[in-house]
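Note that the numbering runs from 1 along the sequence shown for the chain.
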Amino acid sequence: MAATLKVLLVAGARPNFMKISPIYRVGLKYAEADCRIVHTGQHYDYEMSQAFFEDLDLPAPDFFLNAGSGSHAVQTARIMTAFEEVCLAARPDLVMVVGDVNSTLACSIVAKKLLIKVAHVEAGLRSFDLSMPEEINRMVTDSISDYFFVTEESGARNLLREGRPPETVHFVGNVMIDNLFYQLHKLAGRDGRTFSTYKLKQGQKDYVFLTLHRPSNVDAKESFQEIADALNYVAAERPVFFPVHPRSSKMLAEHNVKLSDNIYLLPPLGFQESLFLWKDAALVMTDSGGLQEETTALGVPCITIRENTERPITIEMGTNILGGTRRETILEAYRRSLDRKGQRFAVPPKWDGRAAERIWKILMGSEEKNHVTGIRPIREVHR
């Protein structure tokens, strides 16, 4: 009888839940795999974490670390201390981390120091911007991982350039897209009238869907006001639906930033209700990494309100345009996006809903070959 592979699957913040969902579901198909969920509590209020477990068909976590908020150092230290206890008790063979949040960094370091192998899903992505905490998390995690599961070719190329052994780098596709297709299927069977935003959507056509939460965009009044000025211009032409992240809500009040009455401020939405809105939007404007990918997969026009992106494939092949963070550059991107209306875009390789299957085949030894040699050059995208 084959030995059981004991895996701890780590989630900490909102986007992590979308990524672990397909990995967990596929893992259930393997009798010789014991996959348990660790929720670090990095996002700790109900709307931003527990509701996502329910929305994504995930069970209650096997371990909840209750890390809570705090500075990067405080939060990372809490996660490390609590996760060490979990590892000593559970004795996993592998810790699987996803994305680029503090939980990813903290749990990979703890595992590695306990001589537990680490797998990083979404490895190799780089913005080349060290002012971003996420970039530091990505770089440190990738410096110590044993398995690198890559979403796009630029990730594989970055890892090889950084000296990672080619046999450890696996181009598997994108688990975010696995989850997207799964949720689209569920959404097709659901009555849209059950959503609180149903009437709003029915009453407004040709709308923009907006997410905005990055500290670099909202924490300083000058940057937030610059972005708001651009959004107010867009709102003069078409309605904007804006589910407001708690951080953005706090900063709107602190900075006294005024938004147009044609920008509809919504509470944080579950994944399905958010998808219900943005899949039919005329345009998505976001500073989220995940939405850059998801809109590319569905061919929805997207403007990324950032100066750089670690997901260059969404710009090279997809619907994404890098808009920067100043009023004039955002509006330039807005006009370019309107000019591209009706244009067809390619979907990146292996964004087919089967990334989680490829990950488990590799882990369980029935490996699909995912060669990383011969990858074509793609320019790094910065504004």
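Between Leu331 atom CG and Arg327 atom CZ the span is 5.0 Å, to the nearest 0.5 Å. Annotation: the span from Glu226 atom CD to Asn217 atom CG amounts to 11.0 Å, rounded to 0.5 Å. Atoms CG and OG1, on Leu322 and Thr304 in that order, are 6.5 Å from each other to the nearest 0.5 Å. Atoms CG and CG, from Leu231 and Asn262 in turn, are 12.0 Å apart once rounded to the nearest 0.5 Å. The line from OG1 of Thr40 to CG of Asn66 is 10.0 Å long, rounded to the nearest 0.5 Å. Residue Thr211 holds its OG1 atom at 7.0 Å from NE2 of His213, rounded to the nearest 0.5 Å.
The backbone N or O of Ala73 sits nowhere less than 3.5 Å from a side-chain atom of Thr76 that would complete a donor-acceptor pair. When atom types are taken as modelled, the side chain of Asn232 and the backbone of Leu259 share no donor-acceptor pair closer than 3.5 angstrom. Using modelled atom types, one side-chain atom of His245 and one backbone atom of Arg247 make a donor-acceptor pair closer than 3.5 Å. Thr295 places a side-chain N or O within 3.5 Å of a backbone atom of Gln292 that can act as its donor or acceptor partner. At distances below 3.5 Å, not a single donor-acceptor pair connects side-chain atoms of Ser249 with backbone N or O atoms of Val244. Side chain of Glu273 to main chain of Ser196: a donor-acceptor pair is present (N/O by atom type, distance under 3.5 Å, no hydrogens or angles). Under the 3.5 Å distance criterion, the side-chain polar atoms of Ser71 are matched with a main-chain donor or acceptor of Val74. Remark: side-chain polar atoms of Ser103 are not paired, donor with acceptor, to backbone N or O of Ala11 under 3.5 angstrom. Counting only distance, with no hydrogens or angles, the side chain of Thr286 and the backbone of Ser288 share a donor-acceptor pair below 3.5 Å. Proximity of a side-chain donor or acceptor of Ser223 to a complementary backbone N or O of Ala220 within less than 3.5 Å is detected.
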Discussion item. Please determine whether salt bridge (Lys or Arg N to Asp or Glu O under 4.0 Å) holds for the pair Asp280 and Lys201, giving the CA-CA distance in whole Å, both sets of side-chain angles, and the decisive distance to 0.1 Å.
Written reply: CA-CA 9 Å; Asp280 297 315; Lys201 180 179 178 179; 2.5 Å; yes
Item to complete: Evaluate the side chain to side chain donor-acceptor pair (under 3.5 Å) criterion for residues Glu32 and Thr4: first the C-alpha distance (whole Å), next the side-chain angles of each, then the deciding distance (0.1 Å), finally the verdict.
Response: CA-CA 5 Å; Glu32 63 273 35; Thr4 299; over 6 Å; no
- Does the pair Ser131 and Asp129 meet the rule for a side chain to side chain donor-acceptor pair (under 3.5 Å), with working shown? CA-CA 5 Å; Ser131 70; Asp129 180 359; 2.5 Å; yes
For Thr314 and Thr296: C-alpha separation, side-chain torsions, deciding distance, then whether side chain to side chain donor-acceptor pair (under 3.5 Å) applies.
CA-CA 6 Å; Thr314 64; Thr296 288; 4.6 Å; no
Side chain to side chain donor-acceptor pair (under 3.5 Å) evaluation trace for Arg161 with Asn158
CA-CA 5 Å; Arg161 187 166 54 223; Asn158 291 334; 2.4 Å; yes
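Among residues two or more places apart in sequence or in another chain, the salt bridge (charged side-chain N to carboxylate O under 4.0 Å, His left out) test is passed with Glu294 by none. Listed by chain and number, the residues in a salt bridge (charged side-chain N to carboxylate O under 4.0 Å, His left out) with Lys112 are Asp146 (sequence neighbours excluded). A search for salt bridge (charged side-chain N to carboxylate O under 4.0 Å, His left out) contacts involving Arg193 returns Asp191, not counting sequence neighbours. The side chain to side chain donor-acceptor pair (under 3.5 Å) check on Glu85 picks up nothing, with sequence neighbours excluded.
Within the 4.5 Å cutoff, the side chain of Glu135 has heavy atoms near those of the Met139 side chain. The side-chain heavy atoms of Phe271 and Arg14, taken from C-beta on, include no pair separated by under 4.5 Å. Taking the side chain as every heavy atom from C-beta outward, Tyr147 and Val169 never approach each other to under 4.5 Å. Within the 4.5 Å cutoff, the side chain of Leu9 has no heavy atoms near those of the Val97 side chain. Inter-residue side-chain proximity for Val175 and Phe149 is flagged as unmet; no heavy-atom pair is nearer than 4.5 Å. In this structure, Leu283 and Met285 have side chains that are in contact, with non-hydrogen atoms separated by less than 4.5 Å. Residues Pro268 and Pro246 form a side-chain contact, since some pair of their non-hydrogen atoms from C-beta on lies under 4.5 Å apart. In this structure the side chain of Val172 never reaches within 4.5 angstrom of the side chain of Val150, judged on heavy atoms.
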For residues 16-24, dump all side-chain donor-acceptor pairs below 3.5 Å to protein atoms at least two apart in sequence or in another chain.
unit_1: Asn16; atom_1: OD1; unit_2: Gly12; atom_2: N; d: 2.9
unit_1: Asn16; atom_1: OD1; unit_2: Ala13; atom_2: N; d: 3.3
unit_1: Lys19; atom_1: NZ; unit_2: Glu122; atom_2: OE1; d: 3.1
unit_1: Lys19; atom_1: NZ; unit_2: Glu122; atom_2: OE2; d: 3.3
unit_1: Ser21; atom_1: OG; unit_2: Arg25; atom_2: NH1; d: 2.6
unit_1: Ser21; atom_1: OG; unit_2: Leu56; atom_2: O; d: 3.0

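With Val10 as reference, Cys107 is the one residue of Ser108, Cys107, Pro61 to meet the side chain to side chain contact (heavy atoms under 4.5 Å, CB included) rule.
Using a 4.0 Å cut-off between charged nitrogen and carboxylate oxygen, Arg326 and Asp229 do not count as a salt-bridge pair. Using a cutoff of 4.0 Å between basic side-chain nitrogens and carboxylate oxygens, Asp34 and Arg36 are scored as salt-bridged. Salt-bridge formation is not detected for the pair Asp100/Arg126: no Lys NZ or Arg NE/NH1/NH2 atom is positioned less than 4.0 Å from an Asp or Glu carboxylate oxygen. With respect to Lys186 and Asp57, a salt bridge is recorded, a charged nitrogen being found less than 4.0 Å from a carboxylate O. Salt-bridge annotation for Asp287 and Arg306: absent, with no side-chain N of the basic residue lying under 4.0 Å from a carboxylate O of the acidic one. Salt bridge annotation for Lys6-Asp93: absent, with no cationic side-chain nitrogen under 4.0 angstrom from a carboxylate oxygen. Residues Arg311 and Glu293 are paired through a salt bridge, judged by an N-O separation under 4.0 Å between the basic side chain and the carboxylate.
Grouping the Ile, Leu, Val, Met, Phe, Trp and Tyr side chains by contacts below 4.5 angstrom, directly or via other members, places Leu5 apart from Ile116.
Between Phe241 and Phe209, the ring center distance fails the sub-6.0 Å criterion. Aromatic rings of His120 and Phe148 (six-membered ring for Trp) have centroids beyond the 6.0 Å cut-off, not under it.
For residues 319-352, the set of pairs meeting the ring pair (Phe, Tyr, Trp, His ring centres under 6.0 Å) definition, not counting sequence neighbours, is empty.
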